[in-house]
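Following: one structure in structure tokens, then a few remarks.
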Amino acid sequence: QVQLVESGGGLVQSGGSLRLSCVVSGSGFSIYNMGWYRQAPGKQRELVARITKTETTTYADSVKGRFTISRDNPKNMVYLQMTSLKPEDTAVYYCNGLLYHLVSGLRTYWGQGTQVTVSS
């Protein structure tokens, strides 16, 4: 019915950049808010960035000025441009979407995650 798939993760040196992508596929849904979360080993999952249907954005304090979230509604995609990466950014990054589905109603969906590793 609905699937979120992330891509773009990898290994990068401190100070480098990466762009993560997430595509929503399926049918019978409408996308409202989307966001990126991350989870490092031994830590709780945290919100990194969020973007509404009208493209209002919010960011975690730790990434403000370094990360940019954007979306392409006709393509059902959301992006996270990450610059000035730090070792503390190392985590599995998950795409999240608040979607309305004809059967399930309003609920969140999660991607499988993509690993981002920043070496010092």
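What you see below is based on every heavy atom in this structure, not just the backbone, and it leaves out hydrogens, waters and symmetry mates.
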Requested in this report: With side chain to side chain contact (heavy atoms under 4.5 Å, CB included) as the test, would you mind laying out the steps for Leu99 and Leu106 before giving the verdict?
Outcome: CA-CA 6 Å; Leu99 282 65; Leu106 190 66; over 6 Å; no
Query raised in the report: Are side-chain heavy atoms of Tyr109 and His101 found at a separation under 4.5 Å?
Result: yes
Report task. Take Val116 and Leu18 through the test side chain to side chain contact (heavy atoms under 4.5 Å, CB included) and record every step on the way to the result. Result -> CA-CA 9 Å; Val116 172; Leu18 284 173; 4.0 Å; yes
Could you give the side-chain donor-acceptor pairs of residues 37-51 under 3.5 Å, partners two or more places apart or in another chain?
unit_1: Arg38; atom_1: NE; unit_2: Glu46; atom_2: OE2; d: 2.7
unit_1: Arg38; atom_1: NH1; unit_2: Asp89; atom_2: OD1; d: 3.0
unit_1: Arg38; atom_1: NH1; unit_2: Tyr93; atom_2: OH; d: 2.9
unit_1: Arg38; atom_1: NH2; unit_2: Glu46; atom_2: OE2; d: 3.3
unit_1: Arg38; atom_1: NH2; unit_2: Ser62; atom_2: OG; d: 3.4
unit_1: Gln39; atom_1: NE2; unit_2: Lys43; atom_2: O; d: 3.2

Report task. Kindly work out whether a path of hydrophobic side-chain contacts (I/L/V/M/F/W/Y, heavy atoms less than 4.5 Å apart) joins Tyr94 to Val118. Result -> no
Side-chain donor/acceptor pairs under 3.5 Å, residues 4-16, sequence neighbours excluded:
unit_1: Glu6; atom_1: OE1; unit_2: Gln112; atom_2: N; d: 2.9
unit_1: Glu6; atom_1: OE1; unit_2: Gln112; atom_2: NE2; d: 3.4
unit_1: Glu6; atom_1: OE1; unit_2: Gly113; atom_2: N; d: 2.8
unit_1: Glu6; atom_1: OE2; unit_2: Cys95; atom_2: N; d: 2.6
unit_1: Glu6; atom_1: OE2; unit_2: Gly113; atom_2: N; d: 3.3
unit_1: Gln13; atom_1: OE1; unit_2: Ser119; atom_2: OG; d: 2.3

Query raised in the report: For residues 30-65, which residue pairs qualify under disulfide (SG to SG under 2.5 Å), counting only residues two or more places apart or in two chains?
Result: none
Got a list of side-chain donor-acceptor pairs under 3.5 Å for residues 71-86, not counting sequence neighbours?
unit_1: Arg71; atom_1: NE; unit_2: Asn73; atom_2: OD1; d: 2.6
unit_1: Arg71; atom_1: NH1; unit_2: Tyr32; atom_2: O; d: 2.8
unit_1: Arg71; atom_1: NH1; unit_2: Thr52; atom_2: O; d: 2.8
unit_1: Arg71; atom_1: NH2; unit_2: Tyr32; atom_2: O; d: 3.2
unit_1: Arg71; atom_1: NH2; unit_2: Asn73; atom_2: OD1; d: 3.2
unit_1: Thr83; atom_1: OG1; unit_2: Arg66; atom_2: O; d: 2.7

Report summary line: In short, disulfide (SG to SG under 2.5 Å) pairs touching residues 48-91 with sequence neighbours left out are none
Query raised in the report: Taking Thr90 for the side chain and Pro87 for the main chain, is one N or O donor matched with an acceptor at less than 3.5 Å?
Result: yes
Query raised in the report: Side chains of Asn96 and Trp36: does their closest heavy-atom pair fall under 4.5 Å?
Result: no
In residues 19-29, what donor-acceptor pairs under 3.5 Å come from side-chain atoms, sequence neighbours left out?
none

